[in-house]
> 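Sharing a structure with you now.
For ligands, and for the atoms within them, numbers begin at 1 and follow the listed sequence. Numbering of residues begins at 1 and proceeds along the displayed sequence.
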Amino acid sequence: MSGMSVSVRARTDQLIRYGGEFADLLVERAQGSWLETADGRRILDFTSGQMCATLGHGHPAILDAMRDAGERVVHLFSGFLSRDVTELARELMAVLPEPLARAMFLSTGGEANEAALRLAKLHSGGHEVLAFAGSWHGMTAGAVSSTYSAGRRGYGPAMPGTMALPTPNAYRCPIAHCRDRCDLACLDAGMALADAQSVGAPAAVIAEPILSVGGIVPLPEGYLQRLAQHCRERGMLLILDEAQTALGRVGTMFAFEQHGVVPDILTLSKTLGGGLPLSATVTTEAIEEDAAAKGFLHFTSHVSDPLPAAVGRAVIATVLAEELPRRAHELGARLRAGLDELGRRHEAVGDVRGQGLMLGVDVVRDRETRAPADRYGAAVTARCLELGLNVNIVHFPGLGSVLRIAPPLTIAPEEIDLGLEIIDRALTDAQSS
Ligand SMILES: Cc1ncc(COP(=O)(O)O)c(C=O)c1O
């Protein structure tokens with residue numbers, strides 16, 4: 001600590017609060033699945049940072065790539081290319097199915113979705129975009145217009161033509177029709193409503209294969225295939241936003257592989273950079289050719305930046321070399337078994353859902369009515385943090401109160417068990433708070 005006095009709390013009086021109050025701690029370093037605070041506390045990170053650090057914190061492959069790229073080239077004029085960018089595109093296509101064939105590299109998830117929406121609008125000639133009522137696609141103007149889970153009030157009009165589809169959460173059926181098994185009635189009802197509102201300018205549907213902020217809701221069996229069919233019938237493009245699910249987290253390289261559907265446009269972000277700002281918009285040759293012919297413009301300061309691209313290459317290589325999809329599948333089964341076991345002992349555990357190492361625990365006041373336990377859920381995460389575990393909670397009206405559990409895919413089995421022990425204790429302790 002070099003003799004300097006170190007504040008153990010973050011000084012916040014000169015910061016804009018962009019998402020409520022800041023956590024009352026100051027992180028000094030992060031390594032593997034652990035964070036260390038200025039006052040020496042160790043915190044097990046069950047959110048992989050902001051769901052990005054799937055390789056864990058400080059992975060040597062990422063640090064080496066940063067160091068190496070830093071010594072060669074960090075940033076360029078946006079019309080210039082470096083080898084890391086062209087190689088990243090090649091390496092990405094090697095793990096993606098046809099007809100996905102062309103990519104552009106940006107910085108954030110919101111930006112990648114923005115580019116996807118602009119591509120879809122230019123290609124289709126329409127502007128109507130459907131997204132789930134529980135969606136989160138980012139904070140840039142187009143992406144936020146298709147984000148319904150939060151942040152809509154107070155910022156003026158959303159993009160004209162944006163419409164919401166019911167979130168197919170079988171535990172909390174959005175049309176009070178199913179219980180525990182979605183028969184896709186909400187999808188057909190949602191598309192019929194969109195048709196009624198349409199001014200005849202359909203462009204795209206944008207969807208997360210597992211809604212994250214929407215309460216860890218995996219799309220039900222058959223849903224994506226039916227959605228793709230609805231899109232085809234209307235001349236809409238299907239955009240899948242795999243910000244959180246891509247590159248191994250759900251037990252396969254990409255979540256869409258589990259649904260037998262290839263999107264027209266795929267966006268990758270968080271997990272592609274492993275903690276650095278890197279995102280990708282990927283599409284087919286036909287769509288890219290058409291958009292280019294129409295003068296597609298999405299020129300940003302950091303498009304095709306070499307350093308993040310080098311890191312993206314290191315991330316993909318590590319995901320493959322360390323077989324992280326298989327690890328996520330196996331460790332996910334261990335984590336899920338542990339959460340199911342907690343469900344047998346804690347009445348408040350209403351539902352455990354998700355895939356691989358992206359799991360959610362829906363906490364309820366009553367298992368029959370499934371009334372969300374908002375205050376209790378918040379108390380559980382606060383107690384977890386006191387006990388040394390970082391677990392996130394999402395709660396919005398209609399979506400429930402859901403603990404989001406997504407540790408790094410490199411986590412050790414014993415660390416999963418330790419996290420489960422802490423959640424167990426927090427579920428008990430929070431009852432008295
Ligand atoms: C599914 C999904 N898409 C897009 C975004 C936006 O990404 P970013 O915050 O990098 O703009 C997020 C962020 O949480 C996300 O979860």
> Check ligand 1 against Trp136 and write out every atom of the ligand that is under 4.0 Å from a heavy-atom position of the residue.
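Here the atoms of ligand 1 in question are 1 (C), 2 (C), 3 (N), 4 (C), 5 (C), 12 (C), 13 (C), 14 (O), 15 (C).
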
> Does the distance from a Lys or Arg side-chain N to an Asp or Glu carboxylate O, for Glu323 and Arg327, drop under 4.0 Å?
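No, Glu323 and Arg327 are not salt-bridged.
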
> Using protein heavy atoms only, decide if any is under 4.0 Å from atom 3 (N) of ligand 1.
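Under 4.0 Å from atom 3 (N) of ligand 1, at least one protein heavy atom found.
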
> For the residue pair Leu409 and Gly248, what are the closest heavy atoms and their distance?
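The pair with the smallest heavy-atom distance is CD1-C, 3.7 Å.
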
> Would you say Asp45 and Ser33 are linked by a side-chain donor-acceptor pair, where the criterion is simply a distance under 3.5 Å?
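Per modelled atom types, Ser33 and Asp45 side chains form no pair under 3.5 Å.
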
> Pick one of side chain, backbone, both or neither for how Met139 approaches ligand 1, counting any non-hydrogen atom pair under 4.0 Å.
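Neither part.
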
> Heavy-atom contact under 4.0 Å between Glu111 and ligand 1?
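For ligand 1, residue contact (heavy atoms, under 4.0 Å) with Glu111 is absent.
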
> Check each atom of ligand 1 against the heavy atoms of Gln244 and keep those under 4.0 Å away; list them by number with element.
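Going through ligand 1 atom by atom, the ones under 4.0 Å from Gln244 are 16 (O).
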
> Is the CD atom of Glu87 crowded by more than 12 outside heavy atoms at less than 6.0 Å?
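Yes, CD of Glu87 has more than 12 neighbouring heavy atoms, counting only those of other groups under 6.0 Å.
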
> Below 4.0 angstrom from a heavy atom of Glu208, which ligand 1 atoms are there? Numbered from 1 as shown, please.
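It comes down to these atoms of ligand 1: 1 (C).
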
> If you count the atoms of ligand 1 from 1 in the order shown, which ones are under 4.0 Å from a heavy atom of Ala243?
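Per the distance check, 1 (C), 2 (C), 3 (N), 15 (C).
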
> Near Thr108, which atoms of ligand 1 are under 4.0 Å from a heavy atom of that residue?
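Those atoms are 10 (O), 11 (O).
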
> What atoms of ligand 1 come closer than 4.0 angstrom to any heavy atom of Asn113?
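It comes down to these atoms of ligand 1: 3 (N), 4 (C).
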
> Could you check atom 8 (P) of ligand 1 against the protein and tell me its nearest heavy-atom contact, residue, atom and distance included?
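Protein heavy atom at minimum distance: Gly109 N, 3.4 Å.
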
> Measure Lys270 to ligand 1 on non-hydrogen atoms and call it side chain, backbone, both or neither using the 4.0 Å cut-off.
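Just the side chain.
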
> Considering both backbone and side-chain atoms of Ser269, is one of its nitrogen or oxygen atoms within less than 3.5 Å of a nitrogen or oxygen in ligand 1?
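No: no nitrogen or oxygen of Ser269 is under 3.5 Å from one in ligand 1.
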
> In ligand 1, which numbered atoms sit nearer than 4.0 Å to a non-hydrogen atom of Gly110?
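The atoms of ligand 1 under 4.0 Å from a heavy atom of Gly110 are 6 (C), 7 (O), 8 (P), 11 (O).
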
> Check whether any side-chain heavy atom of Lys270 sits under 4.5 Å from a side-chain heavy atom of Gln50, and report yes or no.
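Yes, their side chains come closer than 4.5 Å.
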
> Find all atoms of ligand 1 within a distance of less than 4.0 Å from any non-hydrogen atom belonging to Gly138, and give their numbers and elements.
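The list of qualifying atoms is 6 (C).
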
> We want to know whether Asp264 and His123 form a side-chain donor-acceptor pair, criterion being a heavy-atom distance below 3.5 angstrom.
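Asp264 vs His123: no donor-acceptor pair found between side chains.
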
> Work out which heavy atom in Gly419 is nearest to a heavy atom in Phe46; give both atom names and the distance.
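Taking every non-hydrogen atom into account, CA-CZ, 3.7 Å.
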
> Answer yes or no: does atom CZ of Phe22 have more than 12 heavy-atom neighbours from other residues, nucleotides or ligands under 6.0 Å?
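It does: Phe22 CZ has more than 12 such atoms within range.
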
> Do the charged groups of Asp362 and Arg370 touch, with an N to O distance under 4.0 Å?
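A salt bridge is absent here (no side-chain N lies under 4.0 Å from a carboxylate O).
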
